**Student:** 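Dumping the structure here so I can ask a few things about it.
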Protein chains: 2
Amino acid sequence: MVSIKDVAKHAGVAISTVSKVLNHYPNVSEETKRKVNQAVEELNFVPNSVAAALSSKQSGRVALLLNLNTKTQAIDEIVMQYISGAINKAMEMGLDVITFFFSMFENKSVEEITRYLNAQSIHGIIIYGMSKEDKVLQKLIAAQEFKVVLVDAPLYNSNTSTVWVNQEQAQYDVAQKTIVENKSKKILYIAGKKNGYVTEQRLKGIKRLAQDMDLNLLIKHGEFSELQARNITFRFARNRDVIVCASDLMAIGAMRALMEMDIFRPVCGFDGITLMGYAGKQMNTISQNFAGVSAAAVEELHYLMNGGEGREKILGYTIARMKYMDIIC
Amino acid sequence: MVSIKDVAKHAGVAISTVSKVLNHYPNVSEETKRKVNQAVEELNFVPNSVAAALSSKQSGRVALLLNLNTKTQAIDEIVMQYISGAINKAMEMGLDVITFFFSMFENKSVEEITRYLNAQSIHGIIIYGMSKEDKVLQKLIAAQEFKVVLVDAPLYNSNTSTVWVNQEQAQYDVAQKTIVENKSKKILYIAGKKNGYVTEQRLKGIKRLAQDMDLNLLIKHGEFSELQARNITFRFARNRDVIVCASDLMAIGAMRALMEMDIFRPVCGFDGITLMGYAGKQMNTISQNFAGVSAAAVEELHYLMNGGEGREKILGYTIARMKYMDIIC
DNA sequence: CTGTTAGCGCGTTCAG
DNA sequence: CTGAACGCGCTAACAG
């Protein structure tokens, strides 16, 4: 294994000089920079990130914290997009990524989690889809021991940033489009998980729309479950004009119920998962580009870890119309 | 941060003694073991795995190498199962996991990959779904620089194990069940990717079945693509009795095509993905328990990294009958 | 059975 | 602008 020592010898300089060049320190002459870089090239030197982490106490090791919902497996797709978006971007930026699931920290205290992450030399965390009920994570953020980026949770402090699309406006827009297209007045809105941040935001959106368009709005909580959305639809859809759902999965549940009831109502989803294409009908939905959100989160974390201040970052979205043929081509 | 030094001081012994106790070395008296363990408890000491890796050159760092097929997103589910199965088991066994995708190593040489992995102190790799065409990975395995476990690729040497279900027999069994149930004689078999190991094995299975049952077998390659399976079905299904597919996704494509053609043929899948439930019909398939396979791969890697010899490990499977109601309950 | 010592590969002072 | 020297937290011989 070729180490920094070999590079130094090869370039005819001291070890520390090599380190400085590698880490882009000032006060190194162009001439020595060139020599060092050439030696790096010739020896195919790749810095040992583990040693660097140990030495500097400030590694580029980052943790992904994902909420893998084992009950509704169908949303795997979103988690997968998050993972690949983050990992690809992190690779590009020279960060290494460790993936964790909420379930791993379930019965642990903040102190235990902190110690564990410290033992792993992890200094930055990206948390996806935290809700108000994730008490330990809330404390972890409050403790500010780590640099944190939250995806889909609107909290931030000096060590914590938040990255998300404007859920409120997105819900407003996609519902409006659907309602205008169908000239509906009586809306059944199937909301997500109580105490979920995104659920709240989307609720705000639909309520504002109801006010603006003077709609009759019936709200039920479907907990992001296809089955619950299905049951809600059976019970409440008959004398409603349109069904607006806070997720695609629930929209599928609603559609299925409608088909069994043998009545037609326009349905509107949220997320833009490809699974939609397998549900057999088409509907409006919000396309979120989860991989892109995740990549943005990595960038934001990198910014934080280099001394940036926590902040809010709002990303874009598009209204999509999804159907079978979009998928298989 | 509390280090091994603090523990040593607290327990009144030397640093190396603590290390020995922690790593379960022999030749330590019960008495000192007790003292050390007590100190560890009291100080809430968690060993720094980064330092251990640097020092011992034998870390518990493991890489997952996944083939994320961006074209057929629907199989995200399998990849996700692989990831979560591996990560959960690894956590349990005290290994830490870095996740990579094939695409990251696409244009790199074996030397580059080796250097990169070394720089990360990674000594074990699990590779999922490698095919004969993944030349670089083949070389990486042949070089035997790392301990490798292959999932769904039947290669092994002294540093490489393979873990997989008996694809040949599974294909035989599920197809046989479907064919017997429907008293079919003329089979359309839609195979997977040319040069894929699993494809080959499954092909062997169906061929053996055809011989044993004296069937008329027509084989076409669908490349694991829903669209291709669809097109093949359009062209060849009409005068066939049954359609056996080498994956659920292709089975869905076939079913869809049959529905559009307005003819009925039994269809048989492979994999047992939940997506099947969204396709609106039911069919026989093979349920593989991907998370379980992945967990077994982690165990196997752990075994290899502790001096075990590479070997073959064959896992079980079950024939499942999937339909919508299986999923949403 | 226990303690001492020397690194692992790198980042970081602080003299020169 | 450069380089010698120290330390990060831990493991691994080697003495005792």
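The chains referred to below are lettered A, B, ... by the order of the sequence lines, with proteins before strands, and numbering in each begins at 1. Values in this document were obtained by computation on a predicted structure and should not be read as measured data.
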**Student:** Looking at Thr17(B), does any N or O in its side chain come under 4.0 Å of the phosphate oxygens OP1/OP2 on dG3(C)?
**Tutor:**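 Affirmative; the distance criterion is met.
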
**Student:** Compare all side-chain heavy atoms of Met130(A) with those of Asn67(A) and state whether any distance is below 4.5 angstrom.
**Tutor:**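 Contact flag for Met130(A)/Asn67(A) side chains = no.
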
**Student:** Would you say that Tyr82(B) contacts Leu66(B) through its side chain, given a criterion of any heavy-atom pair below 4.5 Å between the two side chains?
**Tutor:**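 Yes, side chains in contact.
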
**Student:** May I have the distance from Gln120(B) (atom CD) to dC10(C) (atom P), rounded to whole angstrom?
**Tutor:**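 Taking atom P of dC10(C) as the reference, CD of Gln120(B) is at 13 Å.
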
**Student:** Expressed in angstrom and rounded to an integer, what is the separation of Lys9(A) atom NZ from dG3(D) atom P?
**Tutor:**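 Computing the Lys9(A):NZ to dG3(D):P distance gives 15 Å.
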
**Student:** Look at all strands and tell whether Val13(B) reaches a base, only sugar-phosphate, or nothing, counting heavy atoms closer than 4.0 Å.
**Tutor:**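 Sugar-phosphate contact only.
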
**Student:** Taking the side chain as every heavy atom from C-beta outward, state whether Leu65(A) and Leu137(A) have any atom pair closer than 4.5 Å.
**Tutor:**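 Yes; the side chains approach each other to less than 4.5 Å.
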
**Student:** Rounded off to whole Å, could you give me the CG-to-P distance for the Leu54(A) and dC8(D) pair?
**Tutor:**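 Spelled out: CG on Leu54(A) to P on dC8(D) is 9 Å.
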
**Student:** Is Val148(B) close to Ile127(B) at the side-chain level, that is, under 4.5 Å between some pair of heavy atoms?
**Tutor:**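 With C-beta onward as the side chain, the pair touches.
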
**Student:** Send over the distance from Lys33(B) NZ to dT2(C) C1', rounded to a whole Å.
**Tutor:**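 Value for this atom pair: 14 Å.
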
**Student:** In B/S/- notation, 5' to 3', how is nucleotides 10-16 of chain D contacted by protein heavy atoms closer than 4.0 Å?
**Tutor:** BBB----

**Student:** Rounded to the nearest angstrom, tell me the gap between atom CG in Asp6(A) and atom C1' in dC8(C).
**Tutor:**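 These atoms are roughly 13 Å apart.
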
**Student:** Less than 4.5 Å apart, any side-chain heavy atom of Val13(B) and any of Val18(B)?
**Tutor:**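 SC-SC contact between Val13(B) and Val18(B) confirmed.
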
**Student:** Salt bridge or not for Arg34(A) and Glu31(A), using N-O below 4.0 Å?
**Tutor:**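 Salt bridge flag = yes for Glu31(A) with Arg34(A).
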
**Student:** Check for a donor-acceptor pair, side chain of Ser55(A) on one end and backbone N or O of Ala51(A) on the other, with a separation under 3.5 Å.
**Tutor:**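 Answer holds: no.
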
**Student:** At 10 degrees resolution, what angle do the end axes of the helix from dC1(C)-dG16(D) to dG16(C)-dC1(D) form when each is taken over five base pairs?
**Tutor:**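 The two end axes of the helix from dC1(C)-dG16(D) to dG16(C)-dC1(D) meet at 40°.
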
**Student:** Going by the side chain to side chain contact (heavy atoms under 4.5 Å, CB included) test, name the single residue among Ile113(A), Asn107(A), Ile141(A) that passes it with Val136(A).
**Tutor:**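 So the option named by the test is Ile113(A).
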
